Amino acid sequence: MTSPNNSHKKTSHENSETDKNTPEKQNSLLAGIIERATKSGIGRKKLNPSAVESAVAKNMADIHSNPTKLRLAFLGGGSFGTAMANLAARNGCDTTLWVRNKRTVKAMVKTQTNKKYLPGYKLDDRLKYSHDLAASVKDKDIIFIAVPGLAFRETLKNIAPFISGQSIVSLTKGMEKDTFAMMSDIIKEVLPEVNFGVMSGPNLAIEIMKNMPSATVIASESEPLRHAVQAALHSAFFRVFASDDVKGVELGGALKNIYAIAMGMAAAYDVGENTKAMILTRALAEMSRFGVEAGANPLTFLGLSGVGDLYATCSSELSRNYRIGNMLGRGMSIDAAVKKLGQTAEGVNTIQQVHEKATKEGIYMPITHALYAVIYEDKAALGVALHLMEAGFRSDVEFVMAHDHSNAALTAQMKTSSDSTADESGDTDSK
Ligand SMILES: NC(=O)C1=CN([C@@H]2O[C@H](COP(=O)(O)OP(=O)(O)OC[C@H]3O[C@@H](n4cnc5c(N)ncnc54)[C@H](O)[C@@H]3O)[C@@H](O)[C@H]2O)C=CC1
Ligand SMILES: O=C(CO)COP(=O)(O)O
């Protein structure tokens with residue numbers, strides 16, 4: 001089913017963009033690159049970087065004379081899938097948004113809004129809607145997946161029979177339950193031949209719908225795919241930066257949800273700015289520590305997908321994870337908070353996965369363990385926070401000065417005294 005109105009009507013904003021020719025021109029330029037790369041078989045299999053470079057160089061010359069539109073599918077009719085599909089349609093890409101519920105699709109075609117997740121925001125006339133998964137993904141250049149992490153594997157398996165040469169980009173900021181798998185791991189497992197990337201950054205969907213300037217990161221080993229995603233989504237309101245650290249970018253998006261919950265909870269306790277700064281900065285230390293163990297580059301966490309997204313979600317009530325934390329801080333149970341939210345908050349699962357993985361592998365993640373103790377072991381938040389504050393001496397940025405070089409004797413002494421305090425008060429066992 002498609003939108004009844006594909007008449008390419010333009011708003012005044014779109015006309016001014018087209019006049020400058022920026023998005024459309026970039027789109028056609030780079031669309032040609034991916035189109036040719038896809039046709040020639042590059043981009044279908046594991047890419048050979050030199051082949052990619054020569055394909056890009058070879059094709060740059062005649063791209064102006066033969067513009068083509070990127071054909072895109074976005075899977076997932078929640079707030080983020082809808083917001084991103086809307087950006088792509090507005091940039092002139094041939095864009096289909098797949099939504100699993102047939103009635104929702106009918107309503108979206110009729111109203112050109114996503115009433116449940118983005119009420120009040122009119123979507124671009126050119127955006128098409130479908131509940132037919134096969135038709136949505138066939139003959140596309142790129143399939144963007146924006147379903148919750150817990151539904152990612154199932155979605156990939158469902159599209160697997162229809163994958164011929166399409167590239168896949170994950171927009172999901174979750175972690176699979178019990179397997180610790182990130183979405184890129186699942187893509188490699190389910191569709192080992194596919195060309196893929198992940199996109200992540202400070203991208204609160206509502207702000208994007210309001211045309212508030214935002215930026216994101218596309219991470220992929222494939223240069224044509226990075227260019228194509230930049231071409232598809234880049235505009236005067238939305239900048240798309242590139243990275244080849246897939247693991248680092250993806251982990252930034254998933255891990256920050258843990259700390260958005262912590263910050264929402266801290267806000268409920270009315271903490272000061274010093275405290276918020278401490279949580280945010282130590283959260284970043286945990287994220288990069290965990291990232292390094294997973295093979296990511298710690299410097300990636302200094303970018304948009306790391307500190308950028310951490311800042312956005314830790315300081316805004318638009319973040320669902322922050323709102324969950326805030327409800328918990330006000331005394332609600334986790335089940336009641338999740339029910340009240342009624343939308344995806346990936347951090348609820350990610351805390352459990354990361355707590356378990358870090359415990360198993362001995363990765364020092366004190367904030368995550370503390371949050372786990374409060375949410376899942378029913379420990380008193382203030383006691384846990386006090387215990388965190390009393391933990392031993394550490395170095396600030398461990399990539400500058402390894403924490404082993406701190407005063408080890410004093411750290412051990414502090415640990416002994418804080419362990420005995422915790423034992424006496426019946427507090428937590430968090431590190
Ligand atoms: N909303 C935001 O501001 C941003 C969200 N994200 C990420 O995007 C992902 C999706 O989140 P949202 O769109 O915000 O979620 P949402 O809660 O707004 O909507 C989730 C959507 O997924 C659909 N869905 C659930 N299970 C499904 C399944 N098994 N098969 C197909 N569809 C299914 C639901 O019907 C709903 O349309 C999450 O990983 C989130 O972290 C990333 C950046 C920003
Ligand atoms: O990832 C997001 C913004 O970058 C959205 O955060 P929430 O999932 O917490 O709403």
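It should be emphasised that the depicted structure is a prediction, and the values quoted were computed from it without experimental measurement.
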Take atom [atom1] in [X]; do more than 12 heavy atoms of anything else shown fall under 6.0 Å from it?
| X | atom1 | answer |
| --- | --- | --- |
| K177 | NZ | yes |
| F162 | CZ | yes |
| D396 | CG | no |
| K247 | NZ | yes |

Exercise for review: Verify the distance criterion only: is there a donor paired with an acceptor across the side chains of T82 and N114 at less than 3.5 Å?
Suggested key: yes
Check your understanding: Side-chain donor-acceptor pair under 3.5 Å between S235 and N91, yes or no?
Key -> no
Can you find a heavy atom in the side chain of [X] that is under 4.5 Å from one in the side chain of [Y]?
| X | Y | result |
| --- | --- | --- |
| I334 | I324 | yes |
| L388 | H369 | no |
| L72 | F144 | yes |
| L171 | F74 | yes |
| E176 | T179 | yes |
| T313 | P202 | no |
| V374 | M265 | yes |
| V169 | V229 | yes |

Are any side-chain N or O atoms of [X] and backbone N or O atoms of [Y], one a donor and one an acceptor, separated by less than 3.5 Å?
| X | Y | answer |
| --- | --- | --- |
| S220 | S222 | yes |
| D245 | N297 | yes |
| S316 | A312 | no |
| T95 | C93 | yes |
| E346 | G149 | yes |
| T275 | V271 | no |
| Q352 | V348 | yes |
| S170 | T172 | yes |
| Q230 | V240 | yes |
| Q353 | D178 | yes |

Which value, rounded to the nearest 0.5 Å, describes the distance between [X] atom [atom1] and [Y] atom [atom2]?
| X | Y | atom1 | atom2 | result |
| --- | --- | --- | --- | --- |
| R100 | W98 | CZ | CH2 | 7.0 Å |
| K140 | I143 | NZ | CD1 | 8.5 Å |
| L97 | L127 | CG | CG | 5.5 Å |
| I218 | S305 | CD1 | OG | 11.0 Å |
| L280 | L310 | CG | CG | 4.0 Å |
| I367 | M263 | CD1 | CE | 9.0 Å |

**Study point:** Residue pair M175, L251: steps toward the side chain to side chain contact (heavy atoms under 4.5 Å, CB included) verdict
**Key:** CA-CA 9 Å; M175 202 174 261; L251 273 172; 4.1 Å; yes
Taking only Lys NZ, Arg NE, NH1 and NH2, and the carboxylate oxygens of Asp or Glu, determine whether [X] and [Y] approach each other closer than 4.0 Å.
| X | Y | value |
| --- | --- | --- |
| K173 | D309 | yes |
| E317 | R323 | no |
| E286 | R289 | no |
| K340 | D335 | no |

What are the two closest non-hydrogen atoms of [X] and [Y], and how far apart are they?
| X | Y | result |
| --- | --- | --- |
| I187 | L156 | CA-CD1, 3.5 Å |
| A254 | G174 | CB-O, 3.9 Å |
| G347 | N321 | N-OD1, 2.9 Å |
| Y117 | S79 | CB-N, 3.6 Å |
| D124 | N86 | N-OD1, 2.7 Å |
| A345 | L341 | CB-CD2, 3.7 Å |

**Study point:** CA sep, side-chain torsions, deciding dist, call: M199, L233, side chain to side chain contact (heavy atoms under 4.5 Å, CB included)
**Key:** CA-CA 11 Å; M199 202 177 95; L233 297 174; 3.6 Å; yes
Exercise for review: Start with the C-alpha gap between E273 and K276, add the side-chain angles, then the distance that decides, and say whether salt bridge (charged side-chain N to carboxylate O under 4.0 Å, His left out) holds.
Suggested key: CA-CA 5 Å; E273 300 307 317; K276 288 182 196 164; 3.3 Å; yes
Practice item. Verify side chain to side chain donor-acceptor pair (under 3.5 Å) between Q112 and K122, making sure each step is shown before the conclusion. Key: CA-CA 6 Å; Q112 287 185 303; K122 172 86 167 49; 3.2 Å; yes
Practice item. Run the numbers on N257 and T350 for side chain to side chain donor-acceptor pair (under 3.5 Å), then give the verdict. Key: CA-CA 8 Å; N257 291 325; T350 309; 5.1 Å; no
**Study point:** Matching residue for R71 among D94, D139, D141 - test: salt bridge (Lys or Arg N to Asp or Glu O under 4.0 Å)
**Key:**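 So, applying the salt bridge (Lys or Arg N to Asp or Glu O under 4.0 Å) to R71 and each of D94, D139, D141, only D141 qualifies.
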Exercise for review: Please test F238 against M84 for side chain to side chain contact (heavy atoms under 4.5 Å, CB included), starting from the C-alpha separation and ending with a verdict.
Suggested key: CA-CA 10 Å; F238 195 74; M84 288 297 111; 3.8 Å; yes
Exercise for review: Could you label the plane-to-plane angle of the Y372 and H355 rings as parallel, tilted or perpendicular, counting under 30° as parallel and over 60° as perpendicular?
Suggested key: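 If you compare the ring of Y372 with that of H355, the planes turn out parallel.
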Point to revise | Candidate pair S136 and T96, rule side chain to side chain donor-acceptor pair (under 3.5 Å), full reasoning | key: CA-CA 6 Å; S136 298; T96 302; 5.9 Å; no
Practice item. Give the intermediate values and the outcome of side chain to side chain donor-acceptor pair (under 3.5 Å) for residues S315 and Y322. Key: CA-CA 8 Å; S315 47; Y322 180 100; over 6 Å; no
**Study point:** Steps toward side chain to side chain contact (heavy atoms under 4.5 Å, CB included) verdict (V105, N101)
**Key:** CA-CA 6 Å; V105 170; N101 185 306; over 6 Å; no
